[in-house]
A.B. asks: 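Just passing along the structure, written as structure tokens.
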Amino acid sequence: MSPSKRSVPELMASADPLVMVTAYDYPGGRHAEAAGVDLILVGDSLGNVVLGYDSTAPVTLADMIHHGRAVRRGAPNTFLVVDLPFGTYHTGVHDAMRHAVRVIQETGADALKLEGSTPEVLDVVGTLTRNGIPVMGHVGLMPQTATAQGGLTVQGKDDASARRTLDGALALQDAGAFAAVLEAIPARLARLITERLAIPTIGIGAGVHCRGQVLVTHDLLGVYEGEHKKIAKRYAEVGQVSREAIAAYAAEVRGRTFPAKENSFVMKDDVLDKLY
């Protein structure tokens with residue numbers, strides 16, 4: 001039986017911790033929905049884990065739409081959030097609105113996620129939400145502009161950074177965001193922000209006191225061997241299993257044990273005789 005998709009008000013009112021994972025393709029969407037998660041994020045992290053970029057900055061709107069469509073086909077009954085990629089909401093409200101409408105129309109997403117809390121971003125959040133497009137905010141470490149933050153490092157560890165993160169989350173709420181991702185900030189700061197906000201916080205590397213958690217699926221599945229990130233927990237070693245399976249297949253091909261009889265098709269002898 002397929003799950004029933006939760007609405008924005010239901011997500012905001014949830015007393016249980018919200019579970020969100022990323023997905024980037026049809027099987028990823030199917031697996032996430034079958035596991036019963038509350039939200040699926042088509043993150044621009046696909047640039048790193050799917051497309052092989054060294055950051056999220058090169059990810060395009062076309063990339064997000066392409067992958068968002070595939071995930072929606074795999075998860076038609078789960079609340080779907082799609083990232084607006086770098087540069088698509090930084091050149092003014094008009095461009096942001098146009099790009100946002102394209103993503104919603106072409107992917108079937110239920111909401112969009114934007115990084116940051118600058119006045120320009122807050123203006124976009126307010127415009128989108130006033131026009132019926134739910135927005136999830138994102139503060140703390142922001143991968144799209146990590147270079148300006150000093151790299152992929154923990155944020156909010158000093159007074160100024162902690163205040164900026166708290167104020168940013170509050171401003172996103174005031175602008176109309178229905179939830180906020182808190183990435184790579186101290187757990188005590190995340191707890192304070194969670195207590196101060198009426199909207200749900202969704203943590204990644206932000207401790208246990210957020211109202212929800214999100215992980216990159218490739219991290220929790222262990223798709224890439226040897227990558228152990230502090231902000232993630234590996235619940236499987238899919239990369240190792242995949243490599244071993246492909247190596248076993250290669251060995252059987254080279255040893256001529258695959259394909260075996262059960263993997264092959266047969267024809268009648270009289271048909272074969274006619275070919276000679």
A.B. asks: If you compare all heavy atoms of R211 against all heavy atoms of L11, which two are closest, and at what distance to 0.1 Å?
C.D. replies: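 The pair with the smallest heavy-atom distance is NH2-O, 4.4 Å.
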
A.B. asks: Between L122 and L172, is there a side-chain heavy-atom distance shorter than 4.5 Å?
C.D. replies: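 Touching, per the 4.5 Å side-chain cut-off.
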
A.B. asks: Members other than Y249 in its cluster, when Ile, Leu, Val, Met, Phe, Trp, Tyr link by side-chain heavy atoms under 4.5 Å?
C.D. replies: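 For the cluster that includes Y249, the remaining residues are V253, F258.
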
A.B. asks: For residues M64 and V59, report the shortest heavy-atom separation together with the two atoms involved.
C.D. replies: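 For M64 and V59, the tightest heavy-atom pair comes out as SD-CG1, 3.6 Å.
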
A.B. asks: With a cut-off of 3.5 Å and sequence neighbours excluded, list every side-chain donor-acceptor pair involving residues 18-30.
C.D. replies:
| unit_1 | atom_1 | unit_2 | atom_2 | d |
| --- | --- | --- | --- | --- |
| T22 | OG1 | Y24 | OH | 3.0 |
| T22 | OG1 | T217 | N | 2.9 |
| T22 | OG1 | T217 | OG1 | 3.4 |
| Y24 | OH | S45 | OG | 2.7 |
| D25 | OD1 | G28 | N | 2.8 |

A.B. asks: Under a 3.5 Å distance rule, please check whether N77 uses its side chain to pair with a backbone N or O of K5 as donor and acceptor.
C.D. replies: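 Checking the backbone N and O of K5 against the side chain of N77, no donor-acceptor pair under 3.5 Å is found.
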
A.B. asks: Taking A180's backbone N and O only, do any of them form a donor-acceptor pair with Q173's side chain (distance below 3.5 Å, no angle check)?
C.D. replies: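 Here the side-chain-to-backbone pair does not exist.
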
A.B. asks: May I ask you to check whether over 12 heavy atoms, not counting those of H66, lie within 6.0 Å of atom NE2?
C.D. replies: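 For H66, atom NE2 is not crowded (no more than 12 foreign heavy atoms under 6.0 Å).
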
A.B. asks: Output side-chain donor-acceptor pairs under 3.5 Å for residues 129-143, partner residues at least two apart or in another chain, one line each.
C.D. replies:
| unit_1 | atom_1 | unit_2 | atom_2 | d |
| --- | --- | --- | --- | --- |
| T129 | OG1 | V125 | O | 2.9 |
| T129 | OG1 | G126 | O | 3.1 |
| T129 | OG1 | A175 | O | 3.3 |
| R130 | NH1 | G126 | O | 3.4 |
| R130 | NH2 | T127 | OG1 | 3.4 |
| N131 | ND2 | T127 | O | 2.7 |
| H138 | ND1 | K113 | NZ | 2.9 |
| H138 | NE2 | L141 | O | 3.0 |
| H138 | NE2 | E183 | OE1 | 3.0 |

A.B. asks: So does D273 have more than 12 non-hydrogen atoms from other groups sitting under 6.0 Å from CG?
C.D. replies: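 Count over threshold, so yes.
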
A.B. asks: For residues 191-200, tabulate all N or O donor-acceptor pairs below 3.5 Å that involve a side-chain atom, not counting sequence neighbours.
C.D. replies:
| unit_1 | atom_1 | unit_2 | atom_2 | d |
| --- | --- | --- | --- | --- |
| R191 | NE | E195 | OE2 | 3.4 |
| T194 | OG1 | A190 | O | 2.7 |
| T194 | OG1 | T201 | OG1 | 2.7 |

A.B. asks: Answer yes or no: is there a donor N or O on one side and an acceptor on the other, between the side chain of R72 and the main chain of A109, under 3.5 Å?
C.D. replies: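 Here the side-chain-to-backbone pair does not exist.
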
A.B. asks: Return yes when atom CZ of R163 has more than 12 non-hydrogen atoms of other residues, nucleotides or ligands closer than 6.0 Å, and no otherwise.
C.D. replies: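 No - once you tally the heavy atoms of other residues, nucleotides and ligands closer than 6.0 Å, there are 12 at most.
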
A.B. asks: Could you list the residues that satisfy ring pair (Phe, Tyr, Trp, His ring centres under 6.0 Å) with H99, not counting sequence neighbours?
C.D. replies: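 With sequence neighbours excluded, H99 shows a ring pair (Phe, Tyr, Trp, His ring centres under 6.0 Å) to no residue whatsoever.
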
A.B. asks: Verify the neighbour count for atom CZ of R188: are there more than 12 heavy atoms of other residues, nucleotides or ligands below 6.0 Å?
C.D. replies: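 Result for CZ/R188: open.
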
A.B. asks: So does D158 pair up with R164, basic N to acidic O under 4.0 Å?
C.D. replies: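 Salt bridge between D158 and R164, a charged N being under 4.0 Å from a carboxylate O: no.
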
A.B. asks: Please check this pair: side chain of E106 against backbone of I104, looking for a donor-acceptor N/O pair closer than 3.5 Å.
C.D. replies: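 No.
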
A.B. asks: Heavy atoms, side chains only, cut-off 4.5 Å: are V103 and I65 in contact?
C.D. replies: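 In short, these two side chains touch, coming nearer than 4.5 Å.
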
A.B. asks: Atom CG of residue position N263 - does it have more than 12 heavy atoms of other residues, nucleotides or ligands inside 6.0 Å?
C.D. replies: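 Result for CG/N263: enclosed.
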
A.B. asks: Output all residues satisfying salt bridge (charged side-chain N to carboxylate O under 4.0 Å, His left out) with D63, sequence neighbours left out; order by chain, then residue number.
C.D. replies: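 Residues passing salt bridge (charged side-chain N to carboxylate O under 4.0 Å, His left out) with D63: none at all.
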
